[in-house]
Amino acid sequence: MKPETLLTALNDVEDGLILDVQPSVRKPSRRPRFSMLLAAAFLLSTLALTALASEEGSLWFRNFFAQEAEQPLSQEQSGYIAAHTVPGTQSQTVNGYTIALDSAISDGNRTYLQCTLTAPEGTVLDADHYGDLHGTVFQFPDPGDSYGIHSFGWEVRDDDRTDNTVTLLFTHESSYSGTETVSFTDNPCHLYIYGLAATYYEGEGMDMTTRKEPLTEGMWHFEINFPEDSDREIEFVHDYAECPCQVIVGHEQTGENTLMPILESTHVQVTSFTLRSLSADFHYQYKGKDSVNADFEPFFLVMKDGTQLEMQRNAAGPNYNSYKFETPVILENVSHILLPDGTKLYP
């Protein structure tokens, strides 16, 4: 609602109340109108500050994803980011060090948390890396569900290495499996940061060494509520689909202390493919075995306009690959998944 619309509505309500008052001993007081106007002004200022924080947070992520892709975002992608970014409203100071959670965005699996670290006045933050001293925990709504502890999940952006602030980006990825009573968006996630440390890289090449210096002890805790439908996903199904790949079947010694893997070309059975706006999961089965790490040629997302987007593998495990996207994927625009041998998976 526009400010002038809200104020007009309040004025109309007040006038109606005055007209309904019957003549009496006292003249109607004008204080209620003034109080209501003060309340309206406070509400408008609060809404304006919230909108400004939301705009700044989504702008940061719009710039981040555009830099990752090295190209401008589409209107739909910018709209997705604006609608799904959690604005920064939390800041905590422990032992003089302040961490402000400026913005966050997640698809229920891949999560980005952007923070500002501010040291006490007079302290210069100029290290090559800042992060947790004892661990970082990102916990999903149900304490019994998956959570992650990462000591190397922080990316540092420091435009001014002479001041006491740096920007931190924490990236977390963990397949979330909610329960019937607990959902990703209806309940808060929790971020815990245990201690802070700075890392300095010295020397070059093989002579490079690292030096880690503790900044302070303590714990920072943030509660994050992601917007509705942030964890929306699409399942791609097929009666039976295979995918070509290479697997390691042994090793050949090529030197005194070196081994060369022996690769075998084969096919795996596709068991599931889950697509989200920021990530995807691919599960497969290899000759009935429970565990194998296979190497695949690139997969492609094919959009309804014919555009193909190569999927970047982010991690791999037994019978499992995860993928990330440089820019948000608009799920409504996806036609199918294209496998290396031309097989198409449809939602």
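For clarity, every value in this text was computed on a predicted model and none was experimentally measured.
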> Do L309 and L345 belong together in a cluster built from hydrophobic side chains that touch within less than 4.5 Å?
Replying inline: yes
> Taking atom CZ of F226 and atom CZ of F140, what is their separation to the nearest 0.5 Å?
Replying inline: 8.5 Å
>> I'd like to check D341 versus C243 (side-chain heavy atoms, cut-off strictly below 4.5 Å). Are they in contact?
In response: no
> Do the side chain of T93 and the main chain of G96 share a donor and acceptor less than 3.5 angstrom apart?
Replying inline: no
>> Could you tell me if D107 and S277 have a donor-acceptor pair between their side chains, going purely by distance under 3.5 Å?
In response: no
>> Nearest 0.5 angstrom please: T199 OG1 to Y130 OH, how far?
In response: 9.5 Å
>> Walk me through whether N333 and E76 qualify under side chain to side chain donor-acceptor pair (under 3.5 Å).
In response: CA-CA 10 Å; N333 295 343; E76 288 179 300; 3.0 Å; yes
> Quick one: does W220's side chain have a donor or acceptor within less than 3.5 Å of a partner on L191's backbone?
Replying inline: no
> Which of parallel (below 30°), tilted (30 to 60°) and perpendicular (above 60°) describes F236 and F273?
Replying inline: perpendicular
>> Is it true that D132 and W154 share a donor-acceptor pair across their side chains at a distance under 3.5 Å?
In response: yes
> Out of curiosity, L339 CG to C245 SG, how far, rounded to the nearest 0.5 Å?
Replying inline: 11.5 Å
> Just how far is it from atom NE2 of H251 to atom OG1 of T258, taken to the nearest 0.5 Å?
Replying inline: 11.5 Å
> Under a 4.5 Å side-chain heavy-atom rule over Ile, Leu, Val, Met, Phe, Trp and Tyr, are L338 and V334 clustered together?
Replying inline: no
> Are the side chains of D160 and V166 in touch, meaning some heavy atoms are under 4.5 Å apart?
Replying inline: no
>> With rounding to the nearest 0.5 angstrom, report the CG to CD1 distance, D295 to I248.
In response: 8.5 Å
> Are E235 and T274 close enough, and set up right, to give a side chain to side chain donor-acceptor pair (under 3.5 Å), and what steps lead you there?
Replying inline: CA-CA 5 Å; E235 291 285 346; T274 305; 2.8 Å; yes
> Do you see a donor-acceptor pair shorter than 3.5 Å between the side chains of Q114 and D102?
Replying inline: yes
>> To check you understand the geometry: which heavy-atom pair defines the closest contact between H84 and S230, and what is its length?
In response: CD2-OG, 3.6 Å
>> Using a strict threshold of under 4.0 Å (side-chain N to carboxylate O), is an ion pair present between E68 and K324?
In response: no
>> For a quick test of reading the model, state the closest non-hydrogen atom pair linking N164 to L125 and the distance between them.
In response: O-CD1, 3.2 Å
> So, the side chain of S322 versus the backbone of A315: is there a donor-acceptor pair under 3.5 Å, distance only?
Replying inline: yes
> Can any side-chain N or O of S279 pair as donor or acceptor with the backbone N or O of R276 at less than 3.5 Å?
Replying inline: no
> Given Y112, which of F325, F65, F170, W60 fulfils the ring pair (Phe, Tyr, Trp, His ring centres under 6.0 Å) condition?
Replying inline: F65
> Which heavy atom of A69 sits nearest a heavy atom of T327, and at what distance?
Replying inline: CB-CG2, 3.4 Å
> What are the two closest non-hydrogen atoms of M311 and A280, and how far apart are they?
Replying inline: CE-CB, 3.6 Å
> Does a side chain donor of either Y200 or E202 reach within less than 3.5 Å of an acceptor in the other side chain?
Replying inline: no
> T98 and T118: side chain to side chain donor-acceptor pair (under 3.5 Å), yes or no, with the steps?
Replying inline: CA-CA 5 Å; T98 300; T118 304; 5.7 Å; no
> Are any of the side-chain heavy atoms of I99 and V94 separated by less than 4.5 Å?
Replying inline: no
> Is there side-chain contact between V329 and L301, with at least one heavy-atom pair below 4.5 Å?
Replying inline: yes
> F300 and Y323: same hydrophobic cluster, using ILVMFWY side-chain contacts below 4.5 Å?
Replying inline: no
> Can a salt bridge be assigned to the pair D128 and R161 using a cut-off of 4.0 Å between side-chain N and carboxylate O?
Replying inline: yes
> Taking the side chain as C-beta and beyond, is there a heavy-atom pair between Q92 and F222 under 4.5 Å?
Replying inline: yes
> Which heavy atom in P188 sits nearest to a heavy atom in H190, and how many Å separate them?
Replying inline: O-CD2, 3.9 Å
> Distance only, no hydrogens: is a donor on one side chain within 3.5 Å (strictly under) of an acceptor on the other, for T185 and E228?
Replying inline: no
>> Restricting to non-hydrogen atoms, name the atom on T216 and the atom on L133 that form the minimum distance, rounded to 0.1 Å.
In response: O-CD2, 4.1 Å
> Is a donor on one side and an acceptor on the other found under 3.5 Å between the side chain of K304 and the backbone of H336?
Replying inline: no
> Roughly how far, to the nearest 0.5 Å, is the SG atom of C189 from the CG atom of N225?
Replying inline: 8.0 Å
>> With a 6.0 Å cut-off on the ring centroids, do F282 and F296 count as close?
In response: yes
> Given the rule in the side chain to side chain donor-acceptor pair (under 3.5 Å) test, do Q312 and E326 qualify, once you have shown the distances and angles that lead to the verdict?
Replying inline: CA-CA 8 Å; Q312 295 186 2; E326 293 177 334; 2.9 Å; yes
> Does the side chain of T171 come within less than 4.5 Å of R110's, by heavy atoms?
Replying inline: yes
>> So for atom CD, which belongs to E121, do other residues, nucleotides or ligands contribute more than 12 heavy atoms lying within a distance under 6.0 Å?
In response: no
>> Ignoring hydrogens and geometry beyond distance, is a side-chain donor-acceptor pair present between H134 and E217 at under 3.5 Å?
In response: yes
>> So, using side-chain hydrogen bond (donor to acceptor under 3.5 Å, both in side chains) as the criterion, who are the partners of D126 when residues are at least two apart?
In response: none
>> For a quick check under 3.5 Å, do E173 and N314 share a side-chain donor-acceptor pair by atom type?
In response: yes
>> Between S78 and S74 (side chain of the first, backbone of the second, donor and acceptor by atom type, cut-off under 3.5 Å), is there such a pair?
In response: yes
> Just by distance, with hydrogens left out, do S58 and R62 show a side-chain donor and acceptor under 3.5 Å apart?
Replying inline: yes
> Is the shortest heavy-atom distance from the side chain of T167 to the side chain of V156 under 4.5 Å?
Replying inline: no
>> Please check this pair: side chain of Q90 against backbone of E223, looking for a donor-acceptor N/O pair closer than 3.5 Å.
In response: yes
> Hey, does R157 have a side-chain heavy atom less than 4.5 Å from the side chain of F64?
Replying inline: yes
> Is there a path from V137 to M219 through hydrophobic residues (I, L, V, M, F, W, Y) whose side chains come within less than 4.5 Å of each other?
Replying inline: yes
> Taking it one step at a time, do V124 and D163 satisfy side-chain contact (heavy atoms from CB on, under 4.5 Å)?
Replying inline: CA-CA 5 Å; V124 176; D163 64 3; over 6 Å; no
> Out of curiosity, does I262 fall in the hydrophobic cluster containing Y286 (side-chain heavy atoms, cut-off under 4.5 Å, transitive links)?
Replying inline: yes
